[in-house]
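To start, the structure itself, in structure tokens.
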Amino acid sequence: MSTMWQGCLAHTDYFVMRSSGGHDYGIWVTTPPNYDPAAAQAPVVYVLDGNWTVGMTAPLIVTQLDPLQPIQPYVQVSVGYAGKEAERWEELRNRDLVPPANPSRRSTSTWWRRGWNQV
């Protein structure tokens, strides 16, 4: 994983978690502005494809401060890949999210090259 998103998204902490299967995952936890977990609990929204989406979705947490469109505070947990594996996220997401017997378990990058209607 690139260190690009580490430390540059407001209210966001990044860490690596190793699964019981030995795979490393990048985890970004974004909390609402002025969030104090001791004072109030907030629902959690899990976002997959964190390597690709965290830069677009984490900054939206500040919209919770908009007085004209109040949004219930939430904590966002983005899950992606860590280390060198992050470069292969398209292939790995199929390993993790598509059942083994499904023929569409091939890499989505193959789909992009060949066209969705030709798979």
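Heads up: numbering here begins at 1 and tracks the sequence.
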Heavy-atom closest pair (A42 atom, Y74 atom, distance to 0.1 Å) is CB-CA, 4.1 Å
Going through the distances and angles, do D49 and Y81 end up as a side chain to side chain donor-acceptor pair (under 3.5 Å)?
-> CA-CA 8 Å; D49 295 329; Y81 298 98; over 6 Å; no
Consider only side-chain heavy atoms of I, L, V, M, F, W and Y, link residues closer than 4.5 Å, and tell whether [X] and [Y] are in one cluster.
X: V54; Y: V16; answer: yes
X: V77; Y: Y35; answer: yes
X: L92; Y: M17; answer: yes
X: V44; Y: F15; answer: yes

Verify side-chain contact (heavy atoms from CB on, under 4.5 Å) between V47 and W28, making sure each step is shown before the conclusion.
-> CA-CA 10 Å; V47 180; W28 294 263; over 6 Å; no
Close side-chain approach of H11 to P32, heavy-atom, < 4.5 Å = no
Do the ring planes of W52 and W89 sit parallel (below 30°), tilted (30 to 60°) or perpendicular (above 60°)?
->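 Geometry flag for W89 against W52: parallel rings.
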Are there more than 12 heavy atoms of other residues, nucleotides or ligands under 6.0 Å from atom CG of D36?
-> yes
In chain order, what residues pass the salt bridge (charged side-chain N to carboxylate O under 4.0 Å, His left out) check against D13, with sequence neighbours excluded?
->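 Testing D13 for salt bridge (charged side-chain N to carboxylate O under 4.0 Å, His left out), a comparison that skips the adjacent residues, returns none.
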Nearest-0.5 Å distance that lies between atom NE2 in H23 and atom CD in E85 | 7.0 Å
With Q76 as reference, evaluate T31, T57, T53 under the side-chain hydrogen bond (donor to acceptor under 3.5 Å, both in side chains) test and give the passing residue.
->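 Between Q76 and the candidates, side-chain hydrogen bond (donor to acceptor under 3.5 Å, both in side chains) is satisfied uniquely by T57.
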Taking T30 as the fixed residue, which of L9, T12, V45 is the one that meets the side chain to side chain contact (heavy atoms under 4.5 Å, CB included) rule?
->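 Exactly one option meets the side chain to side chain contact (heavy atoms under 4.5 Å, CB included) with T30, and it is T12.
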Scan R88, R95, R93 and name whichever one has a salt bridge (Lys or Arg N to Asp or Glu O under 4.0 Å) with E91.
->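 Among R88, R95, R93, the one that satisfies the salt bridge (Lys or Arg N to Asp or Glu O under 4.0 Å) with E91 is R88.
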